[in-house]
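Every chain is numbered from 1, with letters handed out A, B, ... down the list of sequences.
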Amino acid sequence: MDAFDLFRKLGAGAKFDLKRFGQDAARFKTHKPKGTDVSDPFSSIDYFGKASTNKPQEDDCEDGEVLNESEESDAGDKRKRKHEQTDVKTNVKKRKKSKVAKGISWTSDLDKKILNLQNGDKEKNSLKRLKHLHQEKVNRIRAQHRINVHGCDVPDPLCTFEELQSEYRLHSRILQNLNDAGLDSPTPIQMQAIPLMMHVNKDTSILTLCLGVCPTGSGKTLAFCLPLLSHLQQPANLGFRAVIISPTRELATQTYRELLRLSDGVGFRVHIIDKASLAAKKYGPQSSKKYDILVSTPNRVIYLLNQDPPALDLCSVEWLIVDESDKLFEEGKTGFREQLATIFLACSGPKVRRAFFSATCTPDVEQWCRLNLDNLVTVNIGHRNTAVETVEQELLFVGNEDGKLVAMRNIINKGFLPPMLVFVQSIDRARELFHELVYEGINVDVIHADRTQQQRDNVVKSFRSGHIWVLICTALLARGIDFKGVNLVLNYDFPTSAVEYIHRIGRTGRAGHHGRAVTFFTENDKPLLRSIANVIKQAGCPVPDYMIGFKKIHSKVKRRLEKQPPKRSTICTTPRFLMKKQKSKQKVKKNAIKGFDFYFV
DNA sequence: GTGCTCG
């Protein structure tokens with residue numbers, strides 16, 4: 001292995017910075033040209049197995065940005081460094097002690113090396129080496145947890161929740177609530193997203209966003225709730241300081257509950273809009289502004305904003321969080337994007353920061369972020385758009401529509417382990433299937449957006465409590481909803497895309513538990529079979545080879561897709577008065593407030 | 001296709 005290759009591997013996701021480490025590499029090369037000697041300080045690190053399977057993504061290797069990353073993350077650690085400069089020895093000792101006390105499995109090798117460096121030469125380049133070793137350590141942690149970061153000024157990953165208290169003055173009660181909930185160590189997305197969101201707080205002048213993409217059921221909610229609470233510090237009477245937007249009421253409720261549980265005893269006023277007409281009075285201009293965090297679906301917020309006078313004031317919002325962001329970015333006549341744009345505009349405070357989270361990432365979202373936001377940092381866990389690996393996935397050919405019902409009855413009669421979620425394509429089909437199954441003598445119910453709020457709440461409640469064994473649902477429950485111990489997800493109707501598939505099966509196998517997903521398919525589903533078979537294969541489940549061998553997409557379909565005019569978003573959240581003066585899109589873009597325009601160029 | 005106000 002070439003020395004440069006080796007350094008690249010050590011970088012695990014970051015590109016090797018020749019300018020900075022060229023000297024080291026050259027020296028390294030003269031000493032250990034093949035990099036195979038086990039006594040070598042670098043090759044002794046047990047790390048390659050993981051790192052080599054964890055190929056950095058293409059776009060994570062853009063020259064300029066990664067250069068910034070390595071430099072900036074050093075800068076981000078300036079405080080630590082300063083101490084190290086003056087009193088390195090004690091500092092390292094202290095750090096080592098604290099890490100050990102918290103039970104982190106750092107390789108003691110590295111720490112020894114750092115100490116040895118201090119005891120030995122006090123040369124100038126020892127500091128450089130120290131920095132290098134530290135960076136190496138951080139890279140190794142990221143590689144171990146398959147954390148990929150991309151952007152400037154990315155803080156080091158968090159290894160224990162306790163660090164939140166020492167580093168960011170997290171309320172001790174929140175930490176206690178965490179422990180009470182049985183959460184003792186952060187998941188990969190939490191390790192990176194939490195310090196990232198905390199870190200941007202120190203830098204108030206720049207609009208910052210982080211984009212978190214990681215598998216379903218891996219703790220995204222906590223990843224943004226914790227830094228949120230930590231940042232707000234204390235309840236204040238300034239009006240809402242944080243807004244969380246969810247695509248469904250069920251998900252909003254779930255997030256709301258999670259926030260309540262976390263902030264129990266701290267006194268934050270967390271609100272959810274359950275009835276917009278009632279909420280109008282509550283949050284209107286006459287209100288006392290005694291609230292801190294708002295969780296809602298988008299249209300309710302808009303309803304309040306559209307009242308005259310507006311019944312909701314979002315100008316003191318410091319954090320805008322978009323959960324399931326790719327869903328909320330959907331375009332089209334009835335898409336969410338316009339609604340989201342309105343809310344973006346309403347959060348007009350000077351300190352507003354945004355974070356986008358989802359298990360899947362569409363090019364749309366990412367492109368928009370790259371175009372419109374400064375200091376974009378993205379965090380990916382594992383590979384992008386992949387299914388979680390704890391789900392055992394299976395494709396089942398059922399011939400035709402009738403075959404589905406036969407196969408379904410078969411599963412039920414053979415005896416299955418409830419609870420089971422059954423996904424169908426539309427509300428009508430959900431109703432139909434429900435009527436087919438309701439007389440089977442099993443506890444079955446159905447949920448979709450056409451049912452009343454009361455019915456929806458009851459269904460979710462009884463499914464959670466185990467009174468319902470089989471729940472038929474539409475895309476309403478596809479995203480984010482965390483049911484404990486769903487044993488089987490049945491895709492009765494074939495999912496419309498790989499992304500949809502990933503979200504659906506993500507309802508099972510959550511938080512590391514084992515789950516199972518069965519997907520029915522018929523002749524008609526062939527066009528999408530390949531892409532979903534690929535997802536399954538990538539997650540390590542067996543898939544017949546012929547499926548992968550299918551044409552990428554049916555040529556007719558593809559042609560039809562290509563024929564469609566390349567519709568760009570025409571939504572513009574630039575204030576009207578700017579629009580009248582500037583007709584050209586380019587000019588508007590130029591004059592628009594950075595981060596507030598929704599144009600695609 | 002799904003989801004997202006109010007009355």
Classify the ring geometry of A:Tyr283 against A:His271: parallel below 30°, tilted from 30° to 60°, perpendicular beyond 60°. perpendicular

Taking all atoms of both residues into account, what is the closest heavy-atom pair of A:Ala276 and A:Leu304, and its distance? O-CD2, 3.3 Å

Quick one: are the ring centres of A:Phe329 and A:Phe336 less than 6.0 Å apart? no

Does the protein touch nucleotides 1-6 of chain B at the base, only the backbone, or not at all? Give it as B, S and - per nucleotide, heavy atoms under 4.0 Å. SBBBBS

What is the distance, to the nearest angstrom, from the CD atom on A:Gln307 to the P atom on B:dG7? 10 Å

Non-neighbouring partners of A:Ser288 that pass side chain to side chain donor-acceptor pair (under 3.5 Å), sequence neighbours left out: none

Ring pair (Phe, Tyr, Trp, His ring centres under 6.0 Å) against A:Tyr546, all qualifying residues, sequence neighbours excluded: A:Phe550

